[in-house]
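Here's the structure we're looking at; comments come further down.
Position 1 is the first residue of the sequence, and the numbers go up from there.
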Amino acid sequence: MTRTYPSLLQGLDDDARRSLIAQSRPRRFRARDIVCHEGDPGDSLHVVVSGKLAVRVTTPVGQIVTLSLLGPGDSFGELALLDPASLRTATVVAIEEAHTLTLTGAQLDVLRRRHPQVDAYITETLTSYVRRLSAMVLEALYLPVEDRVTRRLARLARLYALDNGSAEIRLTQDDLASMAGTTRATANKVLQELAGRGLLTLGRGRISVPDRFALDRAAR
C-alpha cells in the first residue's frame, strides 16, 4: 500500500514507515463529504490513498470555483502545519469515495526531527506549489481559452487514466470551466470541438478520452 504515498514517506526505512502509518489516522469519505472547510484550523496533513478530492475556494463575489483535483499519492495540509496559527486556504470535497491517512502537527514534527529528508520534501512541496501557481497565472494571462481548457483536460485525463491508455473523467463541465478560468458555455464549446476531432466523447457526468497521449499532443 505504501507505494501510493507521496515522497513524504520515501527514504524512510521499513520500520519507520510502518510506525508512521500505524500512528496515522485512517479517514474515509463518501462522495460529496467535506474533508475540511476554507478557514478551518490547519491541524492535520492528509495523504490521499484512494479516490478523488476537489479543492475549491469562494471568490470575493461568493462564487465557488474548483482549483484542482487530488488523487492517490497527493497530499494536502503541509503548509498549514508549518504555522500553528494557519488556516485552511481552501475547502476540500470528496467527489467519489476516498480514503486518506492523517498526521497531526505533533506527529509531523517528530518525523522531521528523526528524518531530516522530510524538511527537504516540504521545501520541494513549497517550490512545486509556487511553480504550479506561477504557471496557472501565466496561462490565465496569456493563453487562449481553448488552450487552457485543453491543458486542464489533459491533466485530468492523467489523473483518471486507465491501463489501456484511455481515461474516464468523471467531472462536471462547471468544474472543468472553473479550473480553466472560463464559463461553462465556453468550456462546452471547446469540448464539442475536441469531440469533433475524435479526441473525446461526452456523456452524462463524464468525459471519455480514448487516447490520452493524443490529447496530450493537442494540449501542447
Side-chain angles (χ1 to χ4, degrees), residues 29-40 48 51-72 74 76 79 87-98 128-162 166-220:
F29 303 93
R30 295 171 297 179
R32 296 185 292 278
D33 279 353
I34 304 294
V35 180
C36 63
H37 287 90
E38 184 177 358
D40 282 351
V48 183
K52 308 287 191 305
L53 303 107
V55 180
R56 293 173 175 157
V57 298
T58 304
T59 68
V61 296
Q63 182 182 6
I64 298 175
V65 299
T66 300
L67 295 181
S68 62
L69 289 190
L70 304 173
D74 290 327
F76 62 94
L79 301 181
L87 302 177
R88 299 291 190 192
T89 58
T91 296
V92 179
V93 184
I95 59 174
E96 62 185 45
E97 184 175 344
S128 177
Y129 286 161
V130 172
R131 187 183 302 116
R132 186 162 61 250
L133 288 173
S134 298
M136 290 173 65
V137 170
L138 287 174
E139 287 182 4
L141 290 175
Y142 299 110
L143 277 186
V145 65
E146 295 83 0
D147 292 345
R148 297 204 306 271
V149 172
T150 305
R151 287 192 177 193
R152 291 293 184 275
L153 196 62
R155 292 169 188 166
L156 289 169
R158 290 192 284 273
L159 185 60
Y160 282 91
L162 300 175
S166 66
E168 286 286 331
I169 302 172
R170 298 177 180 271
L171 196 68
T172 69
Q173 292 187 28
D174 285 324
D175 282 327
L176 174 62
S178 65
M179 292 172 68
T182 187
T183 64
R184 186 186 187 283
T186 300
N188 180 262
K189 180 181 177 182
V190 177
L191 290 174
Q192 295 292 347
E193 292 174 351
L194 293 172
R197 294 163 57 185
L199 292 172
L200 56 86
T201 58
L202 300 174
R204 186 176 179 83
R206 73 179 62 192
I207 302 170
S208 300
V209 179
D211 186 343
R212 292 188 296 108
F213 307 104
L215 182 60
D216 277 338
R217 291 192 291 272
R220 291 172 184 165

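Across all their heavy atoms, Asp211 and Arg217 have their closest contact at OD2-NH2, 4.4 Å. Nearest heavy atoms, Gly198 versus Pro210: O-CG, 3.8 Å. In terms of heavy atoms, Tyr160 sits closest to Arg170 at OH-O, 3.3 Å. The shortest heavy-atom contact between Gly51 and Pro72 is O-CD, 3.4 Å. For Val55 against Ala90, the heavy-atom pair with the smallest separation is CG1-CB, 3.6 Å. Residues Ala157 and Leu215 approach most closely at CB-CD2, 4.1 Å, considering heavy atoms.
Atom CD of Glu193 has more than 12 heavy atoms from other residues, nucleotides or ligands within 6.0 Å. Atom CG of Leu162 has more than 12 heavy atoms from other residues, nucleotides or ligands within 6.0 Å.
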Using side chain to side chain contact (heavy atoms under 4.5 Å, CB included), reason through Arg155 and Leu69 one step at a time and then give a plain yes or no. CA-CA 10 Å; Arg155 292 169 188 166; Leu69 289 190; over 6 Å; no
Go through it in stages, so that I can follow the logic: the residues are Lys52 and Leu171, the test is side chain to side chain contact (heavy atoms under 4.5 Å, CB included), and I'd like the CA-CA distance, side-chain angles, deciding distance and then a yes or no. CA-CA 10 Å; Lys52 308 287 191 305; Leu171 196 68; over 6 Å; no
Kindly determine whether Asp174 and Ser178 satisfy side chain to side chain contact (heavy atoms under 4.5 Å, CB included), including the steps that lead there. CA-CA 6 Å; Asp174 285 324; Ser178 65; over 6 Å; no
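The main-chain N or O of Gly181 is found under 3.5 Å from a side-chain atom of Arg148 such that the two form a donor-acceptor pair. The main-chain N or O of Glu146 is found under 3.5 Å from a side-chain atom of Thr150 such that the two form a donor-acceptor pair.
Taking CG of Leu70 as the start and CD1 of Ile95 as the end, the distance is 9.5 Å to the nearest 0.5 Å. The CD atom of Glu168 sits 13.0 Å away from the CG atom of Leu156 when rounded to the nearest 0.5 Å. For the atom pair CZ of Arg88 and CD of Glu38, the computed distance is 12.0 Å after rounding to the nearest 0.5 Å. Taken to the nearest 0.5 Å, the OG1 atom of Thr58 stands 9.5 Å off from the CD atom of Gln63. Rounding to the nearest 0.5 angstrom, the gap separating the CZ atom in Arg151 from the CE atom in Met136 is 12.5 Å. Atoms CG and CG, from Asp74 and Leu53 in turn, are 9.0 Å apart once rounded to the nearest 0.5 Å.
For the pair Asp175 and Arg56, the minimum side-chain heavy-atom distance is below 4.5 Å. Under the 4.5 Å side-chain criterion, counting only non-hydrogen atoms from C-beta, Thr172 is not in contact with Arg184. Counting heavy atoms from C-beta outward, Val57 and Val65 have side chains that approach closer than 4.5 Å. For the pair Ile207/Leu202, a side-chain contact is recorded, criterion being any heavy-atom separation below 4.5 Å from C-beta on. Considering only heavy atoms from C-beta on, Leu153 comes within 4.5 Å of Leu200 through its side chain.
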